Amino acid sequence: MRISEELNFIDTFGTQGYDSRMSSYPFEQIELKWQKYWEDNESFRVTEDPKVPEDKRLYVLDMFPYPSGAGLHVGHPEGYTATDIYCRYKRMNGYNVLHPMGFDSFGLPAENYAIKTGTHPKVTTEANIENFRKQIKRLGFSYDWSREISTHTSEYYRWTQWIFLKLYEKNLAYESETPINWCPSCHTGLANEEVKDGKCERCSTTVTRKNIRQWILKITEYADRLLDDLEELDWSESIKAMQRNWIGKSHGASVRFPIENSDEVLEVFTTRSDTLFGATYMVIAPEHPFVHALTTRECSEAVHEYVSQAAQKSDLERTDLAKDKSGVFSGSYAINPLNGTKIPIWIADYVLASYGTGAIMAVPAHDQRDWEFAVKFDLPIIEVLKSDQGVKVSAFTGDGIHINSDFLNGLDKQEAIDTMNEYLKEKNIGEPTVSYKLRDWVFSRQRYWGEPIPLVHCDSCGIVPLREEDLPLTLPEVESYAPSGTGESPLSTIESWVETTCPACGGKAHRETNTMPQWAGSCWYFLRYLDPKNTEALAAKEAMKYWMPVDLYVGGAEHAVLHLLYARFWHKVLYDLGIVDTKEPFQRLVNQGMITSFAFQKKDKTLVSVEDAEETGVDTFAEKGTGEPLERVIAKMSKSLKNVINPDEIIDEFGADSMRMYEMFMGPLQVSKPWSTSGLSGVYRFLDRVWRLSQKGISEEKADEDSIKLLHKTIKKVGEDTDSLDFNTAISQMMIFTNELYKKETLPREVWEPFILLLSPYTPHLSEELWAMAGHAPSVSLQPWPQYIPELTVDDTLEIVVQVNGKVRARFDAAKGTDKELLLSRALEQERISELTEGKQIVKTIVIPDKIVNIVVKG
RNA sequence: GCCGAAGUGGUGGAAUUGGUAGACACAAGGGACUUAAAAUCCCUUGCCUGUAAGGGCGUGAGGGUUCGAGCCCCUCCUUCGGCACCA
């Protein structure tokens with residue numbers, strides 16, 4: 001389409017509606033116009049086009065948000081903008097890109113609100129979704145909205161329940177009595193986040209533990225695969241490390257200790273089987289099943305007292321009090337299986353019931369915790385590894401030569417471990433064992449607002465899963481969302497829902513009343529996007545084959561462990577069932593940094609809100625009223641510090657394009673960085689400059705050589721940096737380009753149009769407008785990415801730096817590719833250099849072509 | 001304590017991975033335009049020294065490797081994130 005027709009076209013799009021001489025660009029009009037255009041034309045709808053070759057299919061995923069009542073936070077658009085730019089860039093490079101958005105819409109806040117106000121969580125949630133969607137759309141992201149999902153809808157959770165049935169069929173779900181955080185005053189279970197300093201967030205009553213029947217998923221069965229398959233993933237080392245750490249695989253040995261006057265055998269896990277001769281006592285956790293059996297009559301009172309105290313303590317208290325070891329003697333003795341020595345068995349909460357076997361052999365000479373305990377309770381310490389420091393002041397945990405250890409004497413640590421493990425196996429008193437920190441996943445919540453677990457308890461058949469065709473099992477209406485008071489879910493109070501018939505025998509049965517945790521829906525949502533309307537399967541096999549795995553997943557590091565581990569676990573189960581074809585769901589993961597804010601700090605390190613601080617000079621601040629000097633520091637955004645930035649207000653004032661570009665310009669995507677509104681205005685000024693540039697009118701004249709070269713350098717830099725998600729440096733290159741172009745008299749089409757294309761992933765609204773103004777039909781997002789000519793990205797003449805003894809002393813220009821000899825002789829000719837080298841001996845010269853000459857002199 | 005990431009001007013941050021430290025932007029100062037202000041445009045801007053040319057110092061601290069270190073190695077300090085009696 002050429003100029004004559006264009007005017008007509010532009011008019012239909014209303015481009016002439018604004019005053020072109022305005023000093024600031026009409027972002028509001030432009031943004032609304034193009035958002036409407038994209039929506040009306042479904043510009044970003046994507047299909048599984050079989051003509052697109054496999055390596056040109058790209059799945060780019062954002063972590064979907066929980067639609068909170070507070071609305072969008074500036075942190076959300078950061079990751080979303082990054083992926084949006086990347087997607088737009090990739091589309092322009094010929095990729096078929098799937099880029100969906102949805103909502104993780106089951107969650108505690110809506111339920112708590114319901115308890116308070118009686119409003120159905122669905123009503124609150126859907127209103128919040130509405131608001132979120134509106135806010136997200138204001139930023140002009142290129143999502144395929146036709147694939148939007150919400151996890152709380154029955155069409156969605158039908159499949160969450162279906163996957164649960166598969167887990168159940170595979171014996172990966174079991175019931176167990178497990179403790180929850182219990183508030184004795186509210187009569188309700190609490191999530192960890194509702195427990196503050198060991199107290200209930202709402203009523204400040206000390207939280208205790210209460211055992212309750214729960215559903216558990218056997219994630220531990222997948223521990224090794226979750227660990228090993230990390231290798232193949234393109235994730236940051238720190239996130240991989242966190243996952244490895246969480247899984248916590250450690251190699252050791254289990255050793256069986258006979259108990260004196262008993263047939264029972266106490267099994268322990270140790271990574272230091274080589275120190276077995278140094279074991280002077282045993283410790284079992286207060287929750288260990290043998291506690292009762294091992295406690296002698298004389299000790300029972302003390303043990304009973306200790307165990308019940310431990311039970312009342314919250315996890316936090318237990319770890320807090322940990323600095324001072326506590327424990328009690330059971331009265332029983334174990335026998336060291338190597339030499340028959342009698343060793344006392346203690347009960348202490350520094351041993352965790354949930355790790356290893358819940359029992360240890362204590363070797364105080366070579367384990368610091370055991371050492372502290374032994375010193376406190378005056379237990380013997382036997383040194384079995386020779387060291388310079390000895391074991392008088394602390395345990396020796398290093399490597400050394402074994403002593404007092406019979407057949408291990410003279411061996412070092414690793415040799416001794418190997419020898420001992422061999423020996424244990426041979427004598428059948430133990431064997432090499434692997435232990436994990438990872439525990440099975442408590443998969444039930446005593447809540448209303450979650451997916452009902454699709455099982456019934458039948459009087460005659462026991463636990464019976466629902467039939468697949470009976471899914472979804474929907475949430476019933478309840479009168480009150482308040483907790484039942486027994487620790488059970490509010491669902492348990494609805495008799496008409498609970499009472500049902502058994503799918504197997506047709507007899508009387510009652511429904512499971514636990515619901516699933518919020519993690520459930522997010523474990524597989526990326527699969528539903530592939531085929532969101534499917535009623536026959538969670539997604540069609542072909543769609544999964546077409547898109548999976550996710551090529552790029554961007555989100556906050558706060559989900560580094562749980563969400564990512566749970567989703568990987570479910571994915572592996574689905575893989576084993578043949579439902580998905582990839583072992584891992586997320587090939588590449590990038591964690592965006594947090595957007596922080598400035599706050600002010602007094603000398604005593606207390607924080608002062610932004611409102612209470614004033615600037616008293618260049619970067620000096622004082623508290624209003626008192627005049628106390630303050631230091632500017634970086635802090636998390638929080639209501640109390642009054643430093644929360646609301647994206648809606650930013651968009652109102654500066655426009656979505658400025659908001660998007662500023663968030664990318666602040667610094668590298670992966671690191672956290674402080675919000676600065678003056679920094680934002682710098683980006684706004686840049687876009688305003690671009691706009692004013694366009695008002696010059698496009699010239700059909702040839703551009704000068706400098707402009708052409710700069711353009712090609714810019715194409716190269718912006719392309720490469722966008723591809724590697726280094727958006728901040730790509731933007732700075734575009735600024736350099738604009739600054740140069742601004743100095744020119746004219747605006748040549750041959751450099752202006754490619755520049756609009758470079759800009760378009762970053763500021764799509766403005767770029768669509770500029771593209772239309774240049775006389776083209778929409779959409780700029782369908783244009784191919786400009787290509788650079790490599791020869792035009794390098795300068796013909798380069799500045800050569802001359803150093804003497806490593807210090808820069810002179811510079812001169814030389815043609816690119818000038819040979820070494822010439823560079824050296826020209827360097828020596830420099831006035832300053834001859835001054836400095838005169839009368840001195842040149843020891844060595846280093847010439848790096850096109851860069852540097854270094855002359856080393858002596859004397 | 002352990003694991004991970006990071007320390008660069010007044011501020012946010014660049015630096016082709018060993019070759020000109022401070023790109024780009026903010027803030028600040030000066031100037032132009034204006035009756036004035038805003039907006040815009042131009043200039044200065046790491047620190048010290050010097051009229052200037054120049055010189056010295058400078059990437060958390062100290063050491064090392066190298067012709068040459070923000071980048072590599074060792075020790076230490078600080079900040080942030082995660083885990084926290086894991087046997």
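Labels below follow one simple rule: chain letters A, B, ... track the order of the sequence lines, proteins then strands, and each chain is numbered from 1. None of the values given here were measured: they were computed from a predicted structure.
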A.B. asks: Rounded to the nearest angstrom, tell me the gap between atom CG in A:Asp726 and atom P in B:U17.
C.D. replies: 13 Å
A.B. asks: Please determine whether a side-chain nitrogen of the Lys or Arg among A:Glu740 and A:Lys713 lies less than 4.0 Å from a carboxylate oxygen of the Asp or Glu.
C.D. replies: no
A.B. asks: Could you say whether A:Gly679 or A:Glu237 is positioned toward the 5' end of RNA chain B, judged by the nucleotide with the nearest heavy atom to each?
C.D. replies: A:Glu237
A.B. asks: Above 12 or not: heavy atoms from other molecules or residues under 6.0 Å from NZ of A:Lys820?
C.D. replies: no
A.B. asks: Nearest whole Å is fine: how far is B:C26 P from A:Trp675 CH2?
C.D. replies: 15 Å
A.B. asks: Take a 6.0 Å sphere around CD of A:Gln368 and say whether it holds more than 12 heavy atoms from other residues, nucleotides or ligands.
C.D. replies: yes
A.B. asks: Report the nucleotide, chosen from B:C67, B:U40, B:C24, that has the shortest atom-to-atom distance to any side-chain atom of A:Arg692.
C.D. replies: B:U40
A.B. asks: Which nucleotide, B:C83, B:G68, B:U20, lies nearest any side-chain atom of A:Trp246?
C.D. replies: B:C83
A.B. asks: Distance check needed: B:A5 P versus A:Leu669 CG, whole Å only.
C.D. replies: 18 Å
A.B. asks: Identify which nucleotide among B:C67, B:C41, B:C85 has an atom closest to any side-chain atom of A:Arg689, counting heavy atoms from C-beta outward.
C.D. replies: B:C41
A.B. asks: Taking the side chain of A:Pro674 as heavy atoms from C-beta outward, which of B:G19, B:A87, B:G13 is closest to it?
C.D. replies: B:G13
A.B. asks: Applying a 4.0 Å non-hydrogen cut-off, can you work out what A:Ile848 is touching in the nucleic acid: base, sugar-phosphate, or nothing?
C.D. replies: base
A.B. asks: Using modelled atom types and a 3.5 Å cut-off, is there a donor and acceptor pairing between side-chain atoms of A:Ser597 and backbone atoms of A:Asn643?
C.D. replies: yes
A.B. asks: Closest approach to the side chain of A:Arg832, judged atom by atom: which nucleotide of B:G55, B:C83, B:C41 is it?
C.D. replies: B:G55
A.B. asks: Is the phosphate of B:A14, meaning OP1 or OP2, less than 4.0 Å from a side-chain N or O of A:Asn728?
C.D. replies: yes
A.B. asks: So, A:Glu237 and A:Arg244, do they make that salt bridge, N to O below 4.0 Å?
C.D. replies: yes
A.B. asks: Provide, to the nearest angstrom, the distance between the CD atom belonging to A:Gln803 and the P atom belonging to B:G19.
C.D. replies: 11 Å
A.B. asks: Using a 90° cut-off around 0 for syn, call B:G9 syn or anti.
C.D. replies: syn
A.B. asks: In whole angstroms, how far is the C1' atom of B:G12 from the OH atom of A:Tyr684?
C.D. replies: 21 Å
A.B. asks: OP1 or OP2 of B:G55 less than 4.0 angstrom from a side-chain nitrogen or oxygen of A:Arg809, does that happen here?
C.D. replies: yes
A.B. asks: How should the glycosidic conformation of B:U17 be described, syn or anti, under the criterion that syn lies within 90° of 0?
C.D. replies: syn
A.B. asks: Nearest to the side chain of A:Ile852 - B:U20, B:G68, B:G13?
C.D. replies: B:U20
A.B. asks: Starting from P on B:C80, measure out to CE on A:Met594 and report it in whole angstrom.
C.D. replies: 11 Å
A.B. asks: Quick one: A:Leu828 CG to B:C67 P, roughly how many Å, whole number?
C.D. replies: 19 Å
A.B. asks: Send over the distance from A:Phe257 CZ to B:A87 C1', rounded to a whole Å.
C.D. replies: 12 Å
